[in-house]
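Since we're looking at a predicted model, the values are computed, not measured.
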Amino acid sequence: MDYGMLSVEEIRRGYRFDAETNAYVCLVCGGRFAEGQVYPLEGSFYLAEPAAARHVVCEHGGSAARLIDADTKYNTLTEIQKELLRMIAAGIPDREIAKSLGITEATVRRQRFNFREKAKQAKYYLAMYGQVFEAMDNEELIPVHNQASMMDDRYVITEQEREKMLKGLFTNRNPLRLKVFPAKEKKKVVVLAEIAGQFELGKHYTEREVNDILQPIYADYATIRRYLVSCGLMDRTPSGSEYWLTE
């Protein structure tokens with residue numbers, strides 16, 4: 001999931017509204033709840049948005065647990081900080097938290113203070129970023145996928161640069177046909193992201209199914225398959241029997 005394309009409120013609640021399909025989509029598993037339909041959950045019936053909200057709680061432990069344990073490059077919490085936040089979210093008193101973690105109550109209170117200060121810094125940064133970059137839409141950088149193995153200059157690519165690369169690297173975009181797998185890292189990022197778009201989020205593929213999709217795109221499909229995994233766009237079981245897109 002590309003958190004850069006979501007609002008703070010969408011990230012907090014765990015689902016977003018997809019205007020194209022007129023449905024609410026779970027940010028964790030991709031579950032969809034279409035407007036106008038009723039969904040049975042836990043013996044009750046819910047309209048689309050309440051069903052999406054209830055789904056996040058029932059299936060993914062609620063928004064707090066989901067955010068604390070999210071496997072994303074943006075989650076830089078240590079394991080101790082995660083455990084502390086879990087206890088705070090559960091409403092456990094500071095004294096019990098301190099005893100459980102083997103720290104003092106003063107340390108727990110100081111950590112609460114630090115979390116608040118970081119939240120204030122984040123709000124200020126968002127406001128500043130919006131003011132600086134709101135007039136630069138024509139230079140908008142492409143989003144970085146959530147499981148990027150490294151964050152460096154290879155991802156500093158504008159939409160205009162991306163389009164230029166795609167035109168030069170592919171003989172055809174529909175169906176997708178790659179001329180040559182590039183040596184430059186920036187071009188690899190663009191090519192692999194475009195190829196990853198041929199797979200469906202939430203669906204698991206056998207290695208043969210992956211090969212069947214990749215082979216018409218590029219003759220050396222094994223190399224493409226390997227890079228899709230190594231750069232974090234796809235994941236697989238240790239045996240390689242199943243592949244899927246990462247969030």
Can you measure from OH (Tyr125) to NZ (Lys118) and round to the nearest 0.5 angstrom?
16.0 Å
Please check if the number of heavy atoms outside Arg173 that lie under 6.0 Å from its CZ is greater than 12.
yes
Rounded to the nearest 0.5 angstrom, the OG1-CZ distance for Thr21 and Arg32 is 3.5 Å
Is there a path of hydrophobic side-chain contacts, each under 4.5 Å between heavy atoms of I, L, V, M, F, W or Y residues, that connects Met234 with Tyr221?
yes
Between Lys164 and Glu161, is the closest basic N to carboxylate O distance under 4.0 Å?
no
Testing Ile195, Ile213, Asp220, Val210 one by one against Arg225 for a side-chain contact (heavy atoms from CB on, under 4.5 Å), which residue passes?
Val210
Under the side-chain contact (heavy atoms from CB on, under 4.5 Å) criterion, do Gln111 and Ile88 qualify, and how do the steps go?
CA-CA 11 Å; Gln111 284 297 322; Ile88 293 174; over 6 Å; no
Correct closest heavy-atom pair for Leu41 and Ala51 would be CD1-O, 3.6 Å
Smallest heavy-atom separation, Phe115 atom then Leu77 atom, equals CE2-CD2, 4.1 Å
Under a single-linkage definition using a 4.5 Å side-chain heavy-atom cutoff for Ile, Leu, Val, Met, Phe, Trp and Tyr, are Val180 and Val190 assigned to the same hydrophobic cluster?
yes
Does a side-chain N-to-carboxylate-O contact under 4.0 Å join Arg236 and Glu207?
no
Given the options Tyr39, Tyr15, Tyr24, Phe33 meets ring-ring contact (aromatic ring centres under 6.0 Å, His included) only with Tyr39
Separation of Glu194 CD from Met165 CE (nearest 0.5 Å):
12.5 Å
Count I, L, V, M, F, W, Y as connected when their side-chain heavy atoms are under 4.5 Å apart, and connections chain through other members. Are Leu67 and Val57 then in the same cluster?
no
Minimum-distance pair of heavy atoms, taken over all atoms of Leu228 and Leu192
CD2-O, 3.6 Å
Assess whether side-chain contact (heavy atoms from CB on, under 4.5 Å) is satisfied between His60 and Cys26, documenting all intermediate values.
CA-CA 10 Å; His60 307 299; Cys26 174; 3.5 Å; yes
CZ/Phe170 to CG/Leu178 distance, rounded to the nearest 0.5 angstrom?
5.0 Å
Decide whether Leu47 and Phe45 are clustered together by the hydrophobic rule: side chain heavy atoms of Ile, Leu, Val, Met, Phe, Trp, Tyr closer than 4.5 Å, transitively.
yes
Would you indicate whether the side-chain heavy atoms of Glu83 and Ile80 approach each other to under 4.5 Å?
no
If you count every heavy atom of other residues, nucleotides or ligands that lies below 6.0 Å from Arg177 atom CZ, does the total exceed 12?
yes
Contacts of Glu59 meeting side chain to side chain contact (heavy atoms under 4.5 Å, CB included) (sequence neighbours excluded), chain-then-number -> His55
Side chains of Ile103 and Val108: does their closest heavy-atom pair fall under 4.5 Å?
yes
Interatomic distance, CD1@Ile224 vs CD@Gln198, rounded to 0.5 Å, equals 12.0 Å
Residue pair Pro182 / Lys188: nearest heavy atoms and the distance that separates them:
O-CE, 3.1 Å
For Ala23 and Ala34, the nearest pair of non-hydrogen atoms, with its separation, is CB-CA, 3.8 Å
Partners passing side chain to side chain contact (heavy atoms under 4.5 Å, CB included) against Ile68 (at least two apart in sequence or in another chain):
Lys82, Leu85, Arg86
Tell me, yes or no, whether the heavy-atom count around Lys179 atom NZ, taken from other residues, nucleotides or ligands under 6.0 Å, exceeds 12.
yes
Do Leu166 and Glu163 have side chains that approach each other closer than 4.5 Å (heavy atoms only, starting at C-beta)?
yes
I'd like to know if Phe17 and Tyr46 are part of one continuous hydrophobic network [Ile/Leu/Val/Met/Phe/Trp/Tyr, side-chain heavy atoms within less than 4.5 Å].
no
For side-chain contact (heavy atoms from CB on, under 4.5 Å), just list the numbers for Arg13 and Glu49, CA-CA rounded to whole Å, side-chain angles, deciding distance to a tenth of an Å, and then say yes or no.
CA-CA 11 Å; Arg13 69 191 184 194; Glu49 185 170 10; 4.1 Å; yes
Would you confirm whether Thr206, through its side chain, and Glu242, through its main-chain N or O, come within 3.5 Å as a donor-acceptor pair?
no
For Leu126, does the CG atom sit with more than 12 other heavy atoms under 6.0 Å from it, leaving out its own atoms?
yes
Taking the six-membered ring for Trp, are Phe181 and Tyr218 parallel (under 30°), tilted (30 to 60°) or perpendicular (over 60°)?
tilted
NZ/NE/NH1/NH2 to OD/OE distance under 4.0 Å, Lys99 and Glu96:
no
Can you find a heavy atom in the side chain of Tyr243 that is under 4.5 Å from one in the side chain of Val229?
yes
What distance do His204 atom NE2 and Leu245 atom CG have between them, rounded to the nearest 0.5 Å?
9.5 Å
Do Arg110's NZ or CZ and the ring of Phe113 fall within the cation-pi criteria of under 6.0 Å and 45°?
no
Check: Glu35 main-chain N/O paired with Asn22 side-chain donor or acceptor under 3.5 Å
no
Any donor-acceptor pair under 3.5 Å linking the side-chain atoms of Glu200 with those of Tyr205?
no
Evaluate Leu101 against Thr107 for side-chain contact (heavy atoms from CB on, under 4.5 Å), listing each step before the verdict.
CA-CA 10 Å; Leu101 296 180; Thr107 299; over 6 Å; no
Kindly give the heavy-atom pair with the smallest separation between Ile92 and Ile97, and that separation in Å.
O-CD1, 3.3 Å
